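The next block holds one structure in the form of structure tokens; read it before the comments.
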Amino acid sequence: MGDNLHSTDTIVIGAGPGGYVAAIRAAQLGQKVTIVEKENLGGVCLNVGCIPSKALITAGHHYHQAQNLDVFGLSVPKVEVDFSKVQAFKESVVNKLTAGVGMLLKGNKVEIVKGTATFVDANTVKINSVEGEKNIHFKHAIIATGSRPFELPTMKFSNRIIDSTGALNLKGIPKSLLVVGGGVIGVELVGAYANFGVNVTILEGQSDILIGIDNKATSIVKRNLKKKGVDIYTKAFVEGAKETDNGVEVTCEINGEKRIFEADYLLVSVGRKPNTDKIGLTEAGVEIDEKGLIKTDNQCRTSIPHIYAIGDIISGPQLAHKASYEGKVAAEAIAGEKAIVDYTCIPAVVFSEPEIAVVGHSEESAKKAGIDTKVSKFPFAANGRAIALNQIEGFVQLVTRADNDMVIGGQIIGPNASDMIAEITLAIETGLTAEDLALTIHAHPTLGEIVMETAELALGNPIHIVK
Amino acid sequence: MGDNLHSTDTIVIGAGPGGYVAAIRAAQLGQKVTIVEKENLGGVCLNVGCIPSKALITAGHHYHQAQNLDVFGLSVPKVEVDFSKVQAFKESVVNKLTAGVGMLLKGNKVEIVKGTATFVDANTVKINSVEGEKNIHFKHAIIATGSRPFELPTMKFSNRIIDSTGALNLKGIPKSLLVVGGGVIGVELVGAYANFGVNVTILEGQSDILIGIDNKATSIVKRNLKKKGVDIYTKAFVEGAKETDNGVEVTCEINGEKRIFEADYLLVSVGRKPNTDKIGLTEAGVEIDEKGLIKTDNQCRTSIPHIYAIGDIISGPQLAHKASYEGKVAAEAIAGEKAIVDYTCIPAVVFSEPEIAVVGHSEESAKKAGIDTKVSKFPFAANGRAIALNQIEGFVQLVTRADNDMVIGGQIIGPNASDMIAEITLAIETGLTAEDLALTIHAHPTLGEIVMETAELALGNPIHIVK
Amino acid sequence: KKNRVIATPTVRRIARELNIDLTLVKPSGKNGRVMEEDVRRLKEQQGQMAQQDH
Ligand SMILES: Cc1cc2nc3c(=O)[nH]c(=O)nc-3n(C[C@H](O)[C@H](O)[C@H](O)COP(=O)(O)OP(=O)(O)OC[C@H]3O[C@@H](n4cnc5c(N)ncnc54)[C@H](O)[C@@H]3O)c2cc1C
Ligand SMILES: Cc1cc2nc3c(=O)[nH]c(=O)nc-3n(C[C@H](O)[C@H](O)[C@H](O)COP(=O)(O)OP(=O)(O)OC[C@H]3O[C@@H](n4cnc5c(N)ncnc54)[C@H](O)[C@@H]3O)c2cc1C
């Protein structure tokens, strides 16, 4: 390509859910936009994150479900799984979505550049690609380079010691899987493989898996996993791992005792590291904090006013929808609009069985914030739709202000929690009260009625539960 | 029992979703409450309506699903169905819920009287039961006697000519089923039996099935049914039906041609008639309209001020959640509270495949009301969660005011539409705008993102669809 | 339902309890949305007017 002059209004680095959304919005607002991506459109989320994990979870769910239909009067002699076809399904899902992102970018006239971007100075980015090297000059930049799996020195990634990407791409169903780290990503993958009949063991260093989530909810997920044969060890301190002839061996201290675990694979899922170390931030003059996160203001503006940063590389939860939201704000700010990061709450979902979805204040966080609250909890087991679906595990919990019944938090564990959380999120974001939820008519028989009933419970006169 | 004096503050007649909810709320507010039920606690809804139909639909769904898992890399040689066990599942669901209603009534200290109630005068009800006859005197009454299937003189119910209750209680899976009436109840039962492999034919007199629902939505349901072998005839005028040796024969005029259909059973599902004809309304002085519906004010008060009526026997859609809502209003009014029937919208769900859920204004009803609207539609096929679930048929549609973007209607057809409609209902009921939906963060990857995207489309800058 | 005032169910209930006709309230919310404060403000004004009448 050589040195030919290339310039743009807004350059976006990284085409994950932060970057590609920012690029589209900036283009919609009249900017000439260039997006640079070194791997695949869609970023971690679409290629090796949110999406492929959910495709595997769907397939695993069906495999398990098909073997447990007796209660409905159905008998299935034997379900055969061809894991290469499962992987093909996953690939087809990913391909549909990444192709879609390409079309959306083109449809919005965003220029797509393949290559690795590095800042040369505050107005120039160098692109390295198979075609060579070139510079792009820009007026504004949005950095959206995302994150990568954290590697522990004691458990270096290899053939048998794998990260989430490796776990998503297994060629066959292993007999056994060890998982270090019981966070959201770990637990989701454990659930999928447990459904496929894999012998899974979780080794978690903290006192519980899914730390930070209401433990009444996590205990239901743990019960479900244990029923499927998953062993869960907490306060398990892994000392090291090594590959063996046909697997991996992990040394671990649990309750002061040394224990050795063996399995076909070891998934290490202990957090993600922001991709801020090799992109020339010093050259651009963009400041990072001690964790390697880029410092931003409420418009996602970095220390260099015309350079913005969004997604996993700035503070806050590492979630795709947070990245996308920030992407829109940054794009709108560049276009001169008054957008700011201005949300009351961000929902988070764990695609476990049953699903967990939480938003806003938990009982504990409200207490810590000094808010006088009421916590109301209604079980799926008392809901007609849940019973007719034969999915009665779980509950909806609302956290409301004691003084005025305003909804400030919600925790759902149960079927379709991921769908149900939207209503509570909207209530919190728009400042509604439990009474607003209680007096809004919810269709019968639907799971949404549980939200209404929980709200009635908060107000003191629940119909479908005896006080 | 004899003639012993029996009196109560509030008598509730009928223990369906209207009556039992009213009874509980009245008791919570300090009334001494007696509820009279001639058949089963839970009414039509729990015993022969909403709940058993959904249990059959769940079982039918799993039967069909288990045979269609190839896309996920799963192969199932053969699924056997034992329909008596399917019925046992349905019964267990119904029993769980009706037992629950009994417990709730007792827990709230509501007196339960088994028998048929008839008004003797405006302050006395006569109870007929196997134990004899007795009178109950009351200060307030709530009539909640519900409705029953409409019987056509040309198609009298018999062994082979059945109503919805008959269709729910079949002992085995028939080979073929004729259904007269393509309303919600008919279409739901058709879907269940089509999934069980029954050869179903719908004969609908009007120009389409599910009249009143957006036809972009109904056409998706029709396509799904046709794929499962269901034949749908519209503008089909049934002239008569007669039982044959081992089935039923229906004569019908379609497009001016006479046609004869044969099947194992004929389900006649052409509407429901209010149970207001044999309960002594004249004796009580309670007025009805020409359709047999009891006239009420905005507190559900009848022409006799201390007698209230709720549910299927008053005007409005025949829906369980409407009955329950009115039940609470009537109970609160009796207790002296200022509650009135005061909702902007009532959601309605069709548990077809995929599900349909609608709320508030449709495109047409808004037009008729003279409101200048914008209609925005976003497909499930562009949503990551839907793709990962392999359920991409359908769309979310929002109807917003052209002048101020207020959400005034929503139509969803797609997976979990019944869960998703709650958010749109809340938005309409509380006067929110498309921007409120668009700026509320929706978790990724969830179906709820479609609602957000549809709202962005309404505002003009959608991310995941090219304008 | 034509001239239905925009307000949340909670605000509607509060207005009923305070005997306030929602159509008489001056809305302060977006799109003419009546907020709880608007209802309470009118109630207060009515109270003051009633006092002045005495
Ligand atoms: C297994 C797994 C499951 C997950 N599930 C969920 C979930 O269900 N819900 C959820 O909200 N989140 C989930 N996440 C987290 C989610 O994937 C991230 O929060 C999200 O992808 C962050 O988006 P981003 O745009 O900041 O960065 P990324 O998606 O990480 O994208 C960054 C992109 O930048 C590119 N890039 C990096 N450096 C350069 C460079 N120098 N030049 C050019 N391109 C560069 C990368 O190749 C990448 O494509 C999951 C993550 C994993 C690993
Ligand atoms: C197959 C089917 C599926 C349905 N699915 C849904 C759905 O998914 N969602 C939905 O919202 N609606 C659905 N409906 C409609 C719903 O069932 C009704 O709207 C609802 O039951 C009405 O409630 P109700 O309290 O007014 O009366 P009902 O439920 O009809 O209850 C009335 C009760 O009063 C009793 N009764 C009558 N007369 C007397 C008397 N004289 N003395 C004592 N007791 C008496 C009856 O025995 C009955 O138990 C469905 C209906 C059917 C038939």
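Residue numbers start from 1 in every chain, and the chains themselves are labelled A, B, ... in the order their sequence lines are given, proteins ahead of strands. Model, not experiment: these values are computed from the prediction.
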Specify which of [options] makes the most heavy-atom pairs with chain A at under 4.5 Å.
options                                : answer
B:Val86, B:Ile24, B:Leu426, B:Val76    : B:Leu426
B:Ala59, B:Gly107, B:Pro347            : B:Pro347
B:Ala443, B:Ser53, B:Gly448            : B:Ala443
B:Ile421, B:Val101, B:Thr430, B:Ile387 : B:Ile387
B:Ala88, B:Ser324, B:Gly73, B:Ala348   : B:Gly73
B:Leu104, B:Asp82, B:Val71             : B:Leu104

With only heavy atoms counted, which part of [X] is less than 4.5 Å from chain B, the side chain, the backbone, both or neither?
X        : answer
A:Leu432 : side chain
A:Ala357 : neither
A:Leu97  : side chain
A:Lys96  : side chain
A:Glu355 : side chain
A:Gln65  : side chain
A:Leu56  : neither
A:Cys45  : side chain

Looking at [Y], is its backbone amide N or carbonyl O close enough to the side chain of [X] to form a donor-acceptor pair, meaning the two atoms are under 3.5 Å apart?
X        : Y        : answer
B:Arg385 : A:Ser418 : no
A:His444 : B:Ala320 : no
B:Thr446 : A:Asp419 : no
B:Gln28  : A:Pro462 : yes
A:Thr440 : B:Glu429 : no

So does B:Lys85 have more than 12 non-hydrogen atoms from other groups sitting under 6.0 Å from NZ?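 No, the 6.0 Å shell around NZ holds no more than 12 heavy atoms from other groups.
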In terms of heavy-atom proximity below 4.5 Å to chain A, should [X] be classed as side chain, backbone, both, or neither?
X        : result
B:Glu456 : side chain
B:Thr425 : both
B:Pro17  : neither
B:Leu69  : side chain
B:Ile424 : neither
B:Tyr63  : both

Taking [options] one by one, which has the highest count of heavy-atom pairs under 4.5 Å against chain B?
options                               : answer
A:Ala66, A:Ala55, A:Pro77             : A:Pro77
A:Leu46, A:Val81, A:Thr344            : A:Val81
A:Lys90, A:Glu423, A:Lys54, A:His61   : A:Glu423
A:Val349, A:Asp70, A:Val21            : A:Val21
A:His442, A:Met420, A:Arg25, A:Met452 : A:Arg25
A:Ala427, A:Ala422, A:Ala382          : A:Ala422

Non-hydrogen side-chain atoms of B:Val466 and A:Met103 separated by less than 4.5 Å: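 When only atoms from C-beta onward are counted, A:Met103 and B:Val466 do not touch, as no gap falls below 4.5 Å.
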Do A:Ser75 and B:Val79 come close enough that some side-chain heavy atom pair is under 4.5 Å? no
Once the angle between the rings of B:Phe72 and A:His62 is folded into 0 to 90°, is it parallel (under 30°), tilted (30 to 60°) or perpendicular (over 60°)? parallel
Decide yes or no on side-chain contact (heavy atoms from CB on, under 4.5 Å) for A:Phe89 and B:Asn390, but give the supporting numbers first. CA-CA 9 Å; A:Phe89 166 66; B:Asn390 197 45; 4.0 Å; yes
Side chains of B:Tyr20 and A:His464: do they bring a donor and an acceptor to under 3.5 Å?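 Distance-only check passes for B:Tyr20 and A:His464.
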Show the nearest heavy-atom pair for residues A:Ile51 and B:Gly384, with the distance to one decimal. CD1-CA, 3.9 Å
If every non-hydrogen atom of B:Lys328 is compared with every non-hydrogen atom of A:Ile463, which pair is closest and at what distance?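 Smallest interatomic distance, heavy atoms only, reads CE-CG1, 4.0 Å.
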Separation between CD1 (A:Ile346) and CD1 (B:Ile441), nearest 0.5 Å, reads 4.5 Å
